[in-house]
Amino acid sequence: MPPFGSPIVSQPYHINHPDKISPQSEIITVDVGGQIFQTTKQTLSLPGPKSLFYQLAESTQLGARFIDRDPELFSVLLSLLRTGNLPSKAKAFDIEDLIAESKFYNIESLLINSLSNPSHFDAFNLEKSLTLPLNGRDFASTVATTPFGTLHVAHGSKITSFDWSLRRKSTILTQFTAVDSLLAISPTLAAAGATDFSGMQILDLDKGFVRDTLCWENVTRSSSTVQAIGSNREHLFTSFESGRRNSNSIMVYDLNSFTPVSEIAHCEIYGADLDSAIPATKLEWVDSYNLLMASGSHSGPSGMLGNVRLWDIRSGNVAWELKEKVDCFSDITVSDNLSAIFKVGVNSGEVFFTDLRKLSSGESNPWICLGDSRKVLNVKKGGFGCKIEAHGSQVFCSKGGDVEILSEVAMNSSKKGEDELPERVFRRNSIGRVKDMGGSRVTKLAFGGSKMFVTRKDQQSVEVWQSSVRCF
């Protein structure tokens, strides 16, 4: 049956003024499964020319256009066009039915935006809503997400992908024994690497093949293993270490063509130069400052050592550097929204921050402790294994099996001088209901769309945390 059927008489125009007829305000009548709907041509044209709604708007057929589909689902999607959000009655439908119907009308992207828009993320109302099981016996080693909630999970030599609705999943087998670094380039494309396998692979997760392999040509011509992967809107960043572990570098690639753009942070290690021996194991882009944060640490004879560097990828120079020796980080992250770097001290287990706006002051120890700074002297590795990640205007830190939120409290700066920055105060809160708290140690925190994803030690699954205030 064709999508449009017999015409039914309808009023063709909406008159805004007795002497004017606005083409943008034409009323369109649609018969869906025997139920009549009226809307404007402007509303139906919103999804663009590829959608069936647009075809309804552009049809020259007089009277009502007929579609042999469910009128109740059509009503929900029409409300989505009108307001940009799903109506409350959408809760009565199964999400799979809404997804299937949105695909029929070719407006799935609008549904994704409504259900998984990052702006709907509410950090203070997160609850554990779902557990995603993984195939096989391997535990999750790393995860990667897209802005609208597609999830890729590496476990053993496999990568399992969940679509934005988390209802459909697929698993591919990689060439790696275990994947240590994973970055989602798109819902179906990812960059993957391992610390014991040469080269970074660009994987087509939909078709299950290696699209490209990127290697670093080091001086010793040995293998080049991947220590970390990061990106911004234009570039892909990869931290490589030579197979002999005597050199390391960060390569910058074009994100679309995967061709090399430049090389920064190249270090050749001579003798006992331990500082140069530390490759970057975390790469995060700081958009407001146009800098790349590269950080790494390792355990040496005198304890944990580390370094944090902010790189200008255009010049290849270090804009700021800090060598960590007293209470090195167990994990570290940078928040563009808060204009600060946060770390968890491996000895103290406390969270520290440093203000990016003050880094030019040249302080020898720019870290400010958000807890009990006296714990720094108590070397018990209380922060070992803790994870910290920034998302939006909050920072999330795991302590054992629990997760805390750090958010900035606005302070009155009326007494400060014009050139003096106000004191910064951060508040700490636990997340989740009592029954959601605890469990084995958190190993990864990731964010995509309106969700937070959590993996735990010795667990063959991924936890999904969502806001208790639904977006419809």
Side-chain angles (χ1 to χ4, degrees), residues 1-120 147-150 163-168 187 449-451 466-467 469-472:
M1 178 181 290
F4 311 128
S6 303
I8 297 177
V9 177
S10 63
Q11 182 181 351
Y13 296 103
H14 176 214
I15 300 178
N16 292 323
H17 189 276
D19 300 323
K20 288 186 178 182
I21 296 178
S22 173
Q24 291 295 323
S25 300
E26 294 178 16
I27 290 181
I28 304 293
T29 301
V30 184
D31 181 348
V32 183
Q35 185 171 333
I36 300 300
F37 295 87
Q38 285 192 322
T39 185
T40 65
K41 181 177 181 180
Q42 183 179 17
T43 297
L44 292 177
S45 300
L46 286 174
K50 292 183 179 180
S51 75
L52 180 55
F53 286 110
Y54 186 89
Q55 297 174 31
L56 290 170
E58 295 300 314
S59 173
T60 58
Q61 176 182 327
L62 297 177
R65 288 81 161 147
F66 179 77
I67 305 176
D68 190 19
R69 301 293 288 189
D70 188 324
E72 293 184 349
L73 290 172
F74 179 86
S75 174
V76 170
L77 296 182
L78 184 59
S79 293
L80 176 61
L81 289 187
R82 287 168 170 163
T83 66
N85 297 300
L86 288 173
S88 59
K89 63 181 177 182
K91 291 185 288 187
F93 298 93
D94 190 283
I95 184 65
E96 289 289 353
D97 293 334
L98 289 173
I99 292 172
E101 206 68 5
S102 70
K103 286 184 175 180
F104 174 80
Y105 293 104
N106 204 8
I107 60 165
E108 188 182 14
S109 60
L110 293 180
L111 185 64
I112 294 173
N113 186 69
S114 177
L115 290 173
S116 301
N117 195 312
S119 64
H120 295 151
F148 282 92
T150 304
D163 76 332
W164 65 272
S165 69
L166 306 180
R167 298 299 182 98
R168 297 185 298 276
S450 57
K451 305 176 183 70
Q466 288 179 272
S467 169
V469 181
R470 300 297 299 275
C471 57
F472 63 86

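The shown structure was predicted, so the numbers you read here are calculated from the model rather than taken from an experiment.
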Side chains of Lys89 and Ser79, donor plus acceptor under 3.5 Å:
no
Shortest non-hydrogen pair, Gln55 vs Lys50, comes out as NE2-O, 4.3 Å
Which pair of non-hydrogen atoms, one from Ser450 and one from Asn117, has the smallest distance, and what is that distance?
CB-O, 3.9 Å
Residues Lys41 and Ala57: closest non-hydrogen pair is CE-O, 3.7 Å
If you take all heavy atoms of Pro47 and Ile107, which pair is closest and at what distance?
CB-CG2, 3.6 Å
Would Leu111 and Leu86 satisfy side-chain contact (heavy atoms from CB on, under 4.5 Å), going step by step from the backbone distance to the final call?
CA-CA 8 Å; Leu111 185 64; Leu86 288 173; 3.7 Å; yes
Report the C-alpha distance between Arg167 and Asp94 in whole Å, list the side-chain angles of each, state the deciding distance to 0.1 Å, and finish with yes or no for side-chain contact (heavy atoms from CB on, under 4.5 Å).
CA-CA 11 Å; Arg167 298 299 182 98; Asp94 190 283; 3.8 Å; yes
Kindly indicate, with the supporting measurements, whether the criterion side-chain contact (heavy atoms from CB on, under 4.5 Å) is fulfilled by Tyr105 and Arg69.
CA-CA 10 Å; Tyr105 293 104; Arg69 301 293 288 189; 3.6 Å; yes
Straight-line distance of Leu56 CG to Ile28 CD1, nearest 0.5 Å
8.5 Å
Testing the basics here: between Pro118 and Phe148, what is the closest heavy-atom pair and its distance to 0.1 Å?
CD-CE2, 3.8 Å
Evaluation steps, side chain to side chain donor-acceptor pair (under 3.5 Å), between Asp163 and Ser165:
CA-CA 5 Å; Asp163 76 332; Ser165 69; 3.0 Å; yes
About how many Å separate CD1 of Ile95 and OG of Ser102, when rounded to the nearest 0.5 Å?
8.0 Å
Thr39: which residues meet the side chain to side chain contact (heavy atoms under 4.5 Å, CB included) condition with it, sequence neighbours left out?
Thr43, Leu44, Leu78, Arg82
Pairwise side-chain contact, Glu96 with Arg168, heavy-atom cut-off 4.5 Å (strictly under)
yes
Separation of Asp31 CG from Ile67 CD1 (nearest 0.5 Å)
9.0 Å
Heavy atoms only: give me the nearest Val76-Pro87 pair and the separation to one decimal.
O-CD, 3.8 Å
For residues 27-47, the ring-ring contact (aromatic ring centres under 6.0 Å, His included) pairs (sequence neighbours left out) are Phe37-Phe74
When rounded to the nearest 0.5 angstrom, what distance separates CZ in Arg65 from OG1 in Thr29?
7.5 Å
Just how far is it from atom CG of Leu46 to atom OG1 of Thr40, taken to the nearest 0.5 Å?
7.5 Å
In Å and rounded to the nearest 0.5 Å, what is the CH2 to CG distance from Trp164 to Leu115?
5.0 Å
